[in-house]
Amino acid sequence: MPELPEVETIARSLARRVTGDRIESVWIGDKPEPLKSSAGEIASLLEGAQIAGVRRAGKHLVIDLASPASPRGAGRGSARAEAKKGQWIVHLGMTGSVLVSDPAEHVEKHTHLIARLASGRELRFVDPRRFGRLAVVREAFSAPGNEPLEIGLESFAALFRKRKTPIKSALLNQKLLSGVGNIYADEALARAGIRPRRRAASLRRAELKKLHASLKSVLKQAIRAGGSSISDYVDADGQRGFFQFQHRVYGREGQLCRVCKTSVKRIVIAGRSAHYCPRCQK
DNA sequence: ATACCGACCTGTCAGC
DNA sequence: TGCTGACAGGTCGGTA
């Protein structure tokens, strides 16, 4: 489920709760594992590592890991700098979540990894559909495409200049923009008044400018609302988001456009549903 | 090079 | 009640 605003929300709640904590041990489930790195690689990097911070890159959660300053000689008072160890990369796929839990809490079905923390709590990775991915990397991680919240108008416009693909598909292409998914692609197009099937290269300057602004503002509003909870999305504290109440078109097929009262349409583009108002969007 | 399509998984819901 | 099919926030690899 999670797109940029949801991953950002999770990253913030995780950062607030577990930064500075230390991972004591890791349990990884057996099923066909949703892992990019092997279970051994993941466990060996995580175990004993201190969580230096949590952030978002595209739709990925990046958990920065460091070696604790002074492994055993606590009290010797040596203030050494922490050595960077690497990063734990989590992609949540459609249904993934990361929860900070008390060990006594019921372990949900489809829990694939549990990291026990020095504070006595647990970090749990749960993912029913197993579309998510876990990896560890040593080198600095960066998502493939441009960050939608940072890209300027000129670079944004250049992404679409020669593409014949529908604008909706281009927005979903993570090599162009990283973090935009089905909900916010539809919502940005709705706010910009552009039909999802329009060829990307056919957008005029003024439309690109509108789309650039709409995308940024819808993502920022959604972050402020804690993301969209369609069915099961929750952040690391178990909180639901509430941006779904501000959707103009996504998931509103047959309902009335909030602007002009025309019935919202749903079509399929490259196998994904796309929602739009036939009157407001040209 | 680009773009579409099915595959990957499990769960839920509508319809019969 | 239970079966079937459609659908779900995402990506990948193969094919045209």
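Reminder, nothing fancy here: chain letters follow the sequence lines and each chain counts from 1. The figures here come from the full heavy-atom set of this structure, side chains too, leaving out hydrogens, waters and symmetry mates.
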Reading DNA chain C 5' to 3', how would its secondary structure be written in dot-bracket notation, given Watson-Crick and G-U pairs with both distances under 3.5 Å, brackets [ ] for crossing pairs and | for partners on other strands?
.|||||||.|||||||
[N] to [M] separation - [atom1] atoms, rounded to the nearest Å:
N	M	atom1	answer
dC5(B)	dC7(C)	P	14 Å
dG5(C)	dA7(B)	P	15 Å
dA6(C)	dG6(B)	P	12 Å

Once hydrogens and angles are ignored, does a donor-acceptor distance under 3.5 Å link the base of dC9(B) to the side chain of R129(A)?
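Yes, the side chain and the base share a sub-3.5 Å donor-acceptor pair.
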Compare the aromatic ring of F131(A) with the six-membered base ring of dT11(C) and state whether they stack according to the 5.5 Å and 30° rule.
no
Yes or no on salt bridge (charged side-chain N to carboxylate O under 4.0 Å, His left out) for R195(A) and E207(A), after CA distance, side-chain angles and deciding distance?
CA-CA 11 Å; R195(A) 289 204 186 190; E207(A) 293 175 318; over 6 Å; no
Can a side chain N or O of [X] be found less than 4.0 Å away from OP1 or OP2 on [N]?
X	N	value
H91(A)	dG10(C)	no
K59(A)	dT11(C)	yes
S273(A)	dA8(C)	yes
Y250(A)	dG9(C)	yes
R199(A)	dA3(B)	no
R266(A)	dC7(C)	yes
T95(A)	dT10(B)	no
H110(A)	dG11(B)	yes
Q174(A)	dG10(C)	no
R133(A)	dG10(C)	no

Out of [options], which has the shortest distance to the side chain of [X]?
X	options	answer
I230(A)	dA8(C), dC4(B), dG9(C)	dG9(C)
K164(A)	dA3(B), dG10(C), dC4(B)	dA3(B)
R130(A)	dC4(B), dC9(B), dG10(C)	dC9(B)
P128(A)	dG11(B), dA3(B), dG9(C)	dG11(B)

Using whole Å, what does the distance between atom [atom2] of nucleotide [N] and atom [atom1] of [X] come to?
X	N	atom1	atom2	answer
F242(A)	dG9(C)	CZ	P	22 Å
Y233(A)	dG11(B)	OH	P	22 Å
E6(A)	dG9(C)	CD	P	12 Å
I269(A)	dC7(C)	CD1	P	15 Å
D186(A)	dC7(C)	CG	P	15 Å
R272(A)	dC12(C)	CZ	C1'	13 Å
L171(A)	dG10(C)	CG	C1'	15 Å
E3(A)	dA8(C)	CD	P	13 Å

Assess, by modelled atom type and distance only, whether the side chains of R55(A) and Q87(A) contain a donor and an acceptor separated by less than 3.5 Å.
yes
Does a donor on one side chain sit under 3.5 Å from an acceptor on the other, for R129(A) and T95(A)?
no
Does this structure show an ion pair linking [X] with [Y], if we count only N-O contacts that are shorter than 4.0 Å?
X	Y	answer
D235(A)	R12(A)	no
R205(A)	E154(A)	yes
R248(A)	D186(A)	no
R56(A)	E147(A)	yes

Please work out which of the three classes, parallel, tilted or perpendicular, describes the rings of Y184(A) and H247(A), given edges at 30° and 60°.
perpendicular
Looking for any heavy atom pair under 4.0 Å, which part of the strands does K109(A) touch: base, sugar-phosphate only, or nothing?
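It contacts sugar-phosphate atoms only.
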So what does Y184(A) hit on the nucleic acid, given a heavy-atom distance under 4.0 Å: a base, only sugar-phosphate, or nothing?
nothing
Tell me, please, which residues at least two apart from H60(A) pass ring pair (Phe, Tyr, Trp, His ring centres under 6.0 Å).
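Applying ring pair (Phe, Tyr, Trp, His ring centres under 6.0 Å) to H60(A) gives H91(A), F141(A).
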